[in-house]
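Taking it in order: structure first as C-alpha cells, then the write-up.
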Amino acid sequence: LICGNNKRLAEKLRSKDWPMKVVVNGFVTNMSDWMGASDCIITKAGPGTIAEALITGLPILLNGNIPCQEAGNIPYVLNNGVGAYETDPTKIAKIIADWFGPQREELA
C-alpha cells in the first residue's frame, strides 16, 4: 500500500493486523516499480496517476477527485472501460473482489 504523504493513514494501516503480508509505504520515488508489481490501483482521479496506470495496464478504481480540476477524468476512465468509481470503502472492497473473483474476465 502506498500512502504518499498521508502519514496518519500509513500509521493506521501499519498498525492493522492483516490476514496476509501487507507492505505499507509513505511517499515513494519508484511508483512505476510498485505499479508493475500490482494487480490494480485505487486512487483519486489525478491525470498523471491515471496515465501511469493505463501505461502499466492496471485496472483503475477511482475513489475521489479534486473538484473541477479532476472531475472530468472520472467519465474518461468509466467510458473507456478501464476502471470504476466509488467512494464507499465497503463498495470498493466489493468491486475489487468482483474484479478478481467471478467477474475477472471483464478486465481481460
Side-chain angles (χ1 to χ4, degrees):
L1 302 171
I2 309 297
C3 299
N5 291 315
N6 191 336
K7 293 177 183 176
R8 191 171 78 193
L9 175 61
E11 288 305 314
K12 181 178 179 181
L13 293 172
R14 284 187 188 111
S15 69
K16 184 172 172 43
D17 184 26
W18 296 94
M20 76 287 289
K21 182 179 179 180
V22 173
V23 176
V24 178
N25 288 301
F27 182 83
V28 297
T29 58
N30 61 335
M31 194 62 188
S32 61
D33 293 335
W34 286 100
M35 282 189 175
S38 299
D39 295 314
C40 70
I41 185 167
I42 302 172
T43 185
K44 70 177 186 64
T49 305
I50 291 170
E52 286 181 274
L54 291 171
I55 291 166
T56 309
L58 287 177
I60 305 164
L61 203 160
L62 300 175
N63 66 344
N65 66 87
I66 296 174
C68 298
Q69 191 173 31
E70 298 173 342
N73 298 334
I74 296 168
Y76 179 84
V77 168
L78 300 177
N79 295 339
N80 285 286
V82 295
Y85 176 77
E86 183 56 63
T87 58
D88 180 83
T90 302
K91 292 178 183 176
I92 289 171
K94 180 173 180 348
I95 291 168
I96 297 298
D98 288 346
W99 281 358
F100 297 101
Q103 297 177 17
R104 66 183 168 275
E105 295 303 315
E106 292 179 21
L107 294 176

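Values below: all heavy atoms of this structure, side chains included; hydrogens, waters and symmetry mates excluded.
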Flag yes if I95 and F100 sit in one hydrophobic cluster, no otherwise; membership is Ile, Leu, Val, Met, Phe, Trp, Tyr, and two members link when side-chain heavy atoms are under 4.5 Å apart.
-> yes
Using the rule that two of Ile, Leu, Val, Met, Phe, Trp, Tyr join whenever any of their side-chain heavy atoms come within less than 4.5 Å, decide whether I66 and I41 are in one cluster.
-> no
Should I96 and I42 count as side-chain neighbours, where that means a heavy-atom distance under 4.5 Å?
-> yes
Whether N80 side chain and V82 backbone form a donor-acceptor pair below 3.5 Å = no
Min side-chain heavy-atom separation Y85-V77 under 4.5 Å | no
Looking at NZ of K12 and SG of C3, how far apart are the two atoms once the value is rounded to the nearest 0.5 Å?
-> 11.0 Å
Value for CD1 (I60) from OH (Y76), rounded to nearest 0.5 Å, stands at 8.5 Å
If a pair satisfies salt bridge (Lys or Arg N to Asp or Glu O under 4.0 Å) and one of its residues is in residues 30-42, list it, with sequence neighbours excluded.
-> none
Going from CD1 on I2 to OG1 on T49, what distance comes out if it is rounded to the nearest 0.5 angstrom?
-> 11.5 Å
Can you check whether A45's main-chain N or O pairs, donor with acceptor, with N65's side chain at less than 3.5 Å?
-> no
Listed partners of E52 passing side chain to side chain contact (heavy atoms under 4.5 Å, CB included), at least two apart = M31, M35
OG1 of T87 to CG of L61: how many Å apart, nearest 0.5 Å?
-> 10.5 Å
Interatomic distance, CD1@I74 vs NZ@K44, rounded to 0.5 Å, equals 10.5 Å
Contacts of L1 that satisfy side chain to side chain contact (heavy atoms under 4.5 Å, CB included) - sequence neighbours left out = L13, W18, V22, V24
